[in-house]
Protein chains: 2
Amino acid sequence: MAEIPDRLPSMAEIAARANVNPTSLYRRWGNVSVLATEVAIEHAMRDFPMPDTGSLKGDLTGWADAAAQLLDRSPLLRVLAANIHSNEPGLRERIDALARRGQELELVLARAKARGEPTPSLADVLEVVLAPLYFHVLFFGPVREAGYAARLVDRLLTLASLKTK
Amino acid sequence: MAEIPDRLPSMAEIAARANVNPTSLYRRWGNVSVLATEVAIEHAMRDFPMPDTGSLKGDLTGWADAAAQLLDRSPLLRVLAANIHSNEPGLRERIDALARRGQELELVLARAKARGEPTPSLADVLEVVLAPLYFHVLFFGPVREAGYAARLVDRLLTLASLKTK
DNA sequence: CCGTTAAAGCAATGAAATTTGCATTTAAGG
DNA sequence: CCTTAAATGCAAATTTCATTGCTTTAACGG
């Protein structure tokens, strides 16, 4: 399941691609949205390591670049938005695992704060970096502008430094 | 067509609500996504006037508040993202009309710039205000925090004022 | 190896969405 | 008013997605 088409692939398509029977998919996942969400989360967890560059700016820029690439290829945020409150056990586990991955970013921010650097909150990262990335991908397609993610991070850090003055 | 459920209503539901036959809807619009997009745009054009408060901050805050309310109720951005490149004539007209409405915001920004005020670009407005609003609605539901939109506008204007220093 | 259980596969069925063909209605123009 | 074209409605047919019932397969433990 790559690319980010307007519609999710059908169960029939996924089953054909995986060489399994659609019935098995339905029985295991219930519907294509839940399956797509779990797959997208698995991919994100695998492909979206938390950078460790030694500087907050480097880490955030690496993270933002990876996010931009991921958003180009994966319906993650779309399916996540649709299933964020699901109580389906397997899905809940994966969503929680993704949230824990998000806590890693929180740790990066906490370490920068402990170093006395001006530090944005995780909510700021979502608002100032991830939201515009997602918006861009939705309406303008893949991020082609070199340094777009870095620019968003610069904006984020600029705002953080204002808070400490 | 109100509210912003995970799925668009079916043609059968829309037809029943409008007291018309589903066949006519399919023949006129082809599919529910195109219809939903046109309806959402019409509603946005009707319900989303461009504020004229005399101050850029007031105008942007009014605009952002209206956007937050709209996003709570309308699948506009979701359907727009799916159909932004459509060549369907009726839809193209409406999308272009919506873009022209967007140019009104550009005028507001241009007037502020002419007054010598620190002014964000339209792209900045989309990135710093609309994208986070949309992200918020998608993942956290309706904006309940009083002043959230105003806070985003403050951030926008803060960034604009930095550019002029 | 055997028995049990869960998962997967197959085919048929069901449900919902969409399309097709034909008839009727509506609206516009002379 | 009449004609014509377009729009709409109705019913049937088709398509696509999803479910159901039964069989087969695979894994595990004794």
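These figures come from a predicted structure and were not determined experimentally. Proteins come first, then strands; the chains are lettered A, B, ... in the order of their sequence lines, and each starts at number 1. Reckoned from all heavy atoms, side chains included, excluding hydrogens, waters and symmetry mates.
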Trainee: Encode nucleotides 20-26 of chain D as B, S and - characters from 5' to 3', where the letter depends on protein heavy atoms closer than 4.0 Å: B to the base, S only to sugar-phosphate, - to neither.
Mentor: BBB----

Trainee: Any side-chain donor paired with an acceptor under 3.5 Å for S121(B) and D124(B)?
Mentor: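 Indeed, the side chains of S121(B) and D124(B) share at least one donor-acceptor pair under 3.5 Å.
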
Trainee: Restricting to pairs with a member in residues 46-69 of chain B, which pass salt bridge (charged side-chain N to carboxylate O under 4.0 Å, His left out), not counting sequence neighbours?
Mentor: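 The answer is K57(B)-D154(B).
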
Trainee: With ring-ring contact (aromatic ring centres under 6.0 Å, His included) as the rule and sequence neighbours excluded, what pairs involving residues 49-104 of chain B come up?
Mentor: F48(B)-W63(B)

Trainee: Expressed in angstrom and rounded to an integer, what is the separation of N19(A) atom CG from dA8(C) atom P?
Mentor: 13 Å

Trainee: What integer distance in Å separates R28(B):CZ from dG9(D):C1'?
Mentor: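 That distance rounds to 17 Å.
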
Trainee: Would you list the protein and nucleotides 15-18 of chain C atom pairs, both N or O, that sit under 3.5 Å from each other?
Mentor:
from, atom 1, to, atom 2, distance (Å)
dT18(C), OP2, Y26(B), OH, 2.3
dT18(C), O5', Y26(B), OH, 2.9

Trainee: If a pair satisfies salt bridge (charged side-chain N to carboxylate O under 4.0 Å, His left out) and one of its residues is in residues 125-137 of chain B, list it, with sequence neighbours excluded.
Mentor: R151(A)-E127(B), R155(A)-E127(B)

Trainee: In residues 136-143 of chain B, what donor-acceptor pairs under 3.5 Å come from side-chain atoms, sequence neighbours left out?
Mentor:
none

Trainee: Check ring pair (Phe, Tyr, Trp, His ring centres under 6.0 Å) between Y26(B) and all other residues, then give those that pass, not counting sequence neighbours.
Mentor: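 Ring pair (Phe, Tyr, Trp, His ring centres under 6.0 Å) list for Y26(B), sorted by chain: empty.
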
Trainee: Kindly point out which of dC10(C), dA8(C), dG9(D) is positioned nearest to the side chain of N21(B)?
Mentor: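 Nucleotide nearest to N21(B)'s side chain: dG9(D).
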
Trainee: List in chain and number order the residues that pass side-chain contact (heavy atoms from CB on, under 4.5 Å) with E42(B), two or more places apart in sequence or in another chain; answer none if no residue qualifies.
Mentor: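 Checked E42(B) against side-chain contact (heavy atoms from CB on, under 4.5 Å); matches are R94(B).
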
Trainee: Does a nitrogen or oxygen in the side chain of S24(B) sit under 4.0 Å from OP1 or OP2 of dA7(D)?
Mentor: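 False: S24(B) side-chain N/O out of range (4.0 Å or more) of dA7(D) OP1/OP2.
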
Trainee: In whole angstrom, what separates I14(A)'s CD1 from dT16(D)'s P?
Mentor: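 Going from I14(A) (CD1) to dT16(D) (P), I get 16 Å.
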
Trainee: Using salt bridge (Lys or Arg N to Asp or Glu O under 4.0 Å) as the criterion, list what pairs up with R144(A), not counting sequence neighbours.
Mentor: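 In terms of salt bridge (Lys or Arg N to Asp or Glu O under 4.0 Å), with neighbours along the sequence ignored, R144(A) is linked to no residue.
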
